[in-house]
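Note: hydrogens, waters and symmetry copies are ignored here, and every other heavy atom, side chains too, is used.
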Amino acid sequence: MGGTHDRTFSSSSRDPLNPMSSSPERNTAFYVSGAISLVGLLLFFTALVSAAMNFDNFDGPPGSSMMQAIGLRGFAGIMLIVAGGAIRAFSARK
């Protein structure tokens, strides 16, 4: 009546913490999401470095194209980080 549950993984079940035990499509999505997040981090940090290097050297008014480009690059980096994390979370599901 009160039997025990077997908690070992059989060859047919998938370990949710190991991406290598899932389908090839999910493995691809898992690693592509890491690349997307890495590109997002690079965009975000280059925007920070560009802003720091040009802190006193912004030519033009506050809405100048340089500031808009830096802001857009930072925002795009954050969006790619979020998208990569969402794809990774989806692909790591069982």
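By the criterion of side-chain heavy atoms lying less than 4.5 angstrom apart, applied directly or through intervening Ile, Leu, Val, Met, Phe, Trp or Tyr residues, Met79 is not grouped with Leu38; the two fall into different hydrophobic clusters. In the hydrophobic clustering of ILVMFWY residues, with side-chain heavy atoms under 4.5 Å counting as a link, Ile78 and Leu48 come out together. Follow the hydrophobic side-chain contacts under 4.5 Å out from Leu42 and you never reach Val82; the two are in separate clusters.
Separation of atoms CD1 (Ile81) and CD1 (Ile36) is listed at 12.0 Å; rounding is to 0.5 Å.
Residues passing the side-chain contact (heavy atoms from CB on, under 4.5 Å) test with Val49, sequence neighbours excluded: Met53. For Ser37, there are no side-chain contact (heavy atoms from CB on, under 4.5 Å) partners, not counting sequence neighbours.
Counting heavy atoms from C-beta outward, Arg73 and Ser50 have side chains that approach closer than 4.5 Å. Residues Ile87 and Val32 form no side-chain contact, since every pair of their non-hydrogen atoms from C-beta on lies 4.5 Å or further apart.
Among all heavy-atom pairs drawn from Phe44 and Gly74, the shortest one is CD1-O, 3.7 Å. Residues Gly84 and Ser33 share a closest heavy-atom pair of O-CB, 3.2 Å.
Both the sub-6.0 Å distance and the 45° axial angle are not jointly satisfied by Arg88 relative to the ring of Tyr31.
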